[in-house]
Amino acid sequence: MPTDLIHEERLHTHDFVELENEFGAHNYSPLDVVIDHAEGCWVHDVDGKRYLDCLAAYSAVNQGHCHPKILKALVEQAGKVTLTSRAFRNDQLPLFYKELHELTGYDMALPMNTGAEAVETAVKTARKWGYEVKGIPHDQAEIIVCDNNFHGRTVTIVSFSTERQYREGFGPFTPGFRTIPFGDARALEDAITPNTCGFLVEPIQGEAGIIVPPAGFLKQAAEICRQNRVLLMADEIQSGLGRTGKLFAYMHEGIKPDVLIVGKALAGGFYPVSAILSSWEVLRVYKPGDHGSTFGGNPLGCAVARAAMRVLVEEKLVERSAELGAYFISLLKTLHSAEIKEVRGKGLWIGIELGGPARPYCEALKQEGVLCKETHDHVIRVAPPLVIQRKEIDWAFERIRRVLEKAPKHPHKH
Ligand SMILES: *Cc1c(COP(=O)(O)O)cnc(C)c1O
């Protein structure tokens with residue numbers, strides 16, 4: 001349809017869905033809700049319907065949609081300077097570094113944009129550290145990863161995915177990765193060789209369906225890595241910044257990864273900002289020219305991330321996540337439905353595992369005004385912005401209860 005015939009204000013959900021299907025690649029299967037504005041944990045669609053967002057853009061909007069303080073930082077910085085490239089310096093990057101250090105306790109950071117880029121950066125860092133510090137022979141470095149991991153979509157990252165669909169048709173793949181079962185410290189120990197430079201792990205697996213490993217796994221893994229001079233690299237792009245009721249999920253086990261990977265909520269959903277955090281001991285392997293990104297560390301992203309971090313602290317979102325998450329899980333555990341196999345999670349990161357496909361329930365929840373998305377077919381992920389209030393949780397729970405307890409058995413059940 002020629003653009004001059006489009007009267008935007010007269011378009012409805014089905015028109016937008018049609019346009020998207022006609023002109024965009026079909027690499028997603030979104031619920032048919034077309035959002036045009038949002039605030040806090042509520043989103044509104046083009047037909048005037050309001051929904052409670054229980055996905056929070058995969059935890060990128062922990063601070064809530066369009067947070068006014070982050071918005072202000074974005075608009076102000078956008079009127080000053082947005083991009084200098086790292087050919088020159090800017091006044092926001094040093095302050096971003098310092099505040100990130102103060103928030104996390106990590107010595108230093110290397111900024112990127114998307115999560116996948118930060119994971120790639122962690123992989124490069126571990127390899128370079130492996131060669132230059134550990135003394136691994138040229139091109140022999142190995143990194144250990146876990147079954148059912150999710151670390152992003154670049155060729156190298158899907159090279160070590162165990163998800164067939166993520167790899168199918170995208171080879172040849174990057175070598176140098178070994179896989180162990182998630183949560184199995186013994187297997188980690190057995191997989192380590194003198195050429196192992198890193199162990200890359202999500203402290204809680206998100207895309208795999210909110211899988212919490214056995215208690216003590218991360219602690220054992222940290223000890224095994226330490227003994228074998230292997231860098232423990234925690235991907236906290238989704239689990240970090242308050243989602244699990246701690247600032248970072250690794251804190252549930254009282255350890256400290258050698259490399260921490262952050263993204264998503266780091267900029268509150270306004271802008272892609274990611275980073276790896278580590279020590280000078282590790283990051284000193286980089287010299288000028290080794291690695292970089294045109295947009296990484298740009299002043300707009302840094303200003304937004306600084307505001308997003310401030311909101312996290314000022315509004316005590318980590319504490320809220322712990323308290324309200326426990327409350328939400330306790331409510332969900334009271335559900336009576338033959339369809340539910342397990343309710344699990346930490347903080348406001350909750351998985352409801354079903355006996356059959358979760359998608360029809362997500363569709364039904366959408367009708368009720370609650371937006372959730374299935375993950376791995378059988379799990380409904382419940383992960384609202386951390387600014388959600390108790391009464392909004394009650395509101396959502398009532399609707400989840402209605403859908404899960406009253407829905408007729410799914411027709412294509414096993
Ligand atoms: C989302 C995610 C990524 C990838 O981040 P992008 O910004 O989509 O590239 C990597 N790891 C984990 C654990 C994630 O949840």
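Counting convention: from 1, in listed order, for ligands and their atoms alike.
Residues forming a ring-ring contact (aromatic ring centres under 6.0 Å, His included) with F217 (at least two apart in sequence, or on another chain): F182. Partners of R50 by salt bridge (Lys or Arg N to Asp or Glu O under 4.0 Å), not counting sequence neighbours: none found.
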Side-chain donor-acceptor contacts of residues 352-359 below 3.5 Å, not counting sequence neighbours, with atom names and distances?
from : atom 1 : to   : atom 2 : distance (Å)
E353 : OE1    : R344 : NH1    : 2.7
E353 : OE1    : R344 : NH2    : 3.0
R359 : NE     : E363 : OE2    : 3.0
R359 : NH1    : S29  : O      : 2.8
R359 : NH1    : E374 : OE2    : 3.2
R359 : NH2    : S29  : O      : 3.3
R359 : NH2    : P30  : O      : 3.3
R359 : NH2    : E363 : OE2    : 3.4

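Ring-centre distance between W280 and W129: not below the 6.0 Å cut-off.
In this pair, Y106 and Y250 present their aromatic rings perpendicular. The plane angle is above 60°, beyond the 30 to 60° band.
Sorted by chain then number, the residues whose non-hydrogen atoms approach ligand 1 to under 4.0 Å are T114, G115, A116, F150, H151, G152, E202, D235, I237, Q238, K264.
Classification of K219 and E223 as a salt-bridged pair fails, no side-chain N sitting under 4.0 Å from a carboxylate O.
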